[in-house]
Amino acid sequence: MASASLFKSSLVLDKSEFVKGQPLLRQHSVSVRFHPSALSVRASYADELVKTAKTVASPGRGILAMDESNATCGKRLASIGLENTEANRQAYRTLLVTAPGLGQYISGAILFEETLYQSTVDGKKIVDILVEQNIVPGIKVDKGLVPLAGSNNESWCQGLDGLASRSAAYYQQGARFAKWRTVVSIPNGPSALAVKEAAWGLARYAAISQDNGLVPIVEPEILLDGEHAIERTFEVAQQVWAEVFFYLAENNVLFEGILLKPSMVTPGAESKDKATPDKVADLTLTLLKRRIPPSVPGIMFLSGGQSEVEATLNLNAMNQAPNPWHVSFSYARALQNTCLKTWGGRPENVKAAQDALLLRAKSNSLAQLGKYTGEGESEEAKKELFVKGYSY
Ligand code: 13P
């Protein structure tokens, strides 16, 4: 059992003892305390990480995921007939971050690297606009998915090489949290190898992020692809989250300073069965209660191809009773779809598009508080957004 006396007798080493002759990435020191039965690595950023995570997981607010890579942003722009130029990406991202009062519903925005260093069309830094809106800037740090050799056509997520120095630079640029999205495919297995690789990669990324002051969003997306029943998703999710938390603990990740981004437990998108919001909420919360410690401050769901309204209804159903963690959203498609269509690349539609974004953000804010009624939603917002084999 840990006690003050045990702690005192622990050997205390400063990180500099390990890195003699190597440049330190930052000035903060990290103390590593050894005891025969315990090892705990404590980043000097611990207090800040806890504070950042709590701010992002604040009541009635969630995350706007706007971290589409340039290639994915190109697909979005193509859907409204626009070319994938830097100017068009900048115009769209300016529209999103300058929506008046967005910070009332949105606590964090995940950016792609280009946007972290980008200015609005009026020349103001996007990061500064976010901070003015009371929104914490975040950054996608993974380098995308590639085939996992030796698996059943599954993938793994790249990006650990150079991550520490990139993370330090992102912190300097104003980012305070990070995102790493890896995926698990049910129709392709998932193989034990793919689950282990996904969990290990997430844990290494989480440790590196915390060491550099960024709250890691841990996102093992269980893809909606497939014809399987909801029970199969539940079974796979239990396996995935067990491994993720095993490796997070093994990597000495501070649970109070992380956020999770799970998929909701639903039937496969190609299943003939559909699940009600109550059923989705019931199985998703059962899963989370079995696997996620209450020290984790926030569960910020991805939308994964659900329609805008479906994602909001499911979130609302999960917030009908108090939960051990803040249960909220980190949607990309389910926040942006109607907004993007409404804009259509036309300057005269910017205000209407921002209103559409604000409406979705407000609906999800209400759902976070368990108070969404689903009234007055457009047909566009009810359209399923699932794309088979979708790559982000
Ligand atoms: P969706 O909500 O579109 O599934 O996006 C998830 C995501 O990881 C974006 O950061």
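It should be emphasised that the depicted structure is a prediction, and the values quoted were computed from it without experimental measurement. Order of listing sets the numbers, starting from 1, for every ligand and every atom in it.
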Using the six-membered ring wherever Trp is involved, compare the ring planes of Phe255 and Phe245 and label them parallel, tilted or perpendicular (cut-offs 30° and 60°).
perpendicular
From the list Gln354, Lys124, Glu132, Arg93, side-chain hydrogen bond (donor to acceptor under 3.5 Å, both in side chains) partner of Thr98 resolves to Gln354
Indicate yes or no: does an N/O atom of Ala334 lie under 3.5 Å from an N/O atom of ligand 1?
no
Does ligand 1 come near enough to Gly304 that some N or O of the ligand is less than 3.5 Å from an N or O of the residue?
yes
Shortest non-hydrogen contact between Arg333 and Glu308, atoms and distance
O-CG, 4.1 Å
Can you see whether Ser191 engages Glu154 through a side-chain donor-acceptor pair at a distance of less than 3.5 angstrom?
yes
Provide the number and element of each atom of ligand 1 under 4.0 Å from a heavy atom of Asp67.
9 (C), 10 (O)
Ligand 1 to Lys179, heavy atom cutoff 4.0 Å, flagged ligand atoms 7 (C), 8 (O), 9 (C), 10 (O)
Is any NZ, NE, NH1 or NH2 atom of the basic residue among Lys179 and Asp67 found under 4.0 Å from an Asp or Glu carboxylate oxygen of the other?
yes
For Glu219, is at least one N or O under 3.5 Å away from an N or O on ligand 1?
yes
Between Thr342 and Asn349: side-chain donor-acceptor atoms closer than 3.5 Å
no
Should Lys261 be listed as contacting ligand 1, given a heavy-atom distance under 4.0 Å as the test?
yes
What about Arg333: any of its N or O atoms under 3.5 Å from an N or O on ligand 1?
yes
Arg181 heavy atoms, cut-off 4.0 Å: which ligand 1 atoms fall inside?
8 (O)
Look only at interatomic distance and state if Tyr331 has a nitrogen or oxygen under 3.5 Å from any nitrogen or oxygen of ligand 1.
no
With a cut-off of 4.0 Å, which atoms of ligand 1 are near a heavy atom of Ser303?
1 (P), 2 (O), 3 (O), 4 (O)
Can you check side-chain contact (heavy atoms from CB on, under 4.5 Å) on Trp325 and Lys289, steps first, answer last?
CA-CA 10 Å; Trp325 343 259; Lys289 285 174 186 159; 3.8 Å; yes
Kindly assign one of parallel, tilted or perpendicular to the pair Tyr171 and Tyr45, based on the angle between their ring planes and the thresholds 30° and 60°.
tilted
What atoms of ligand 1 come within less than 4.0 Å of a heavy atom belonging to Ala65?
9 (C), 10 (O)
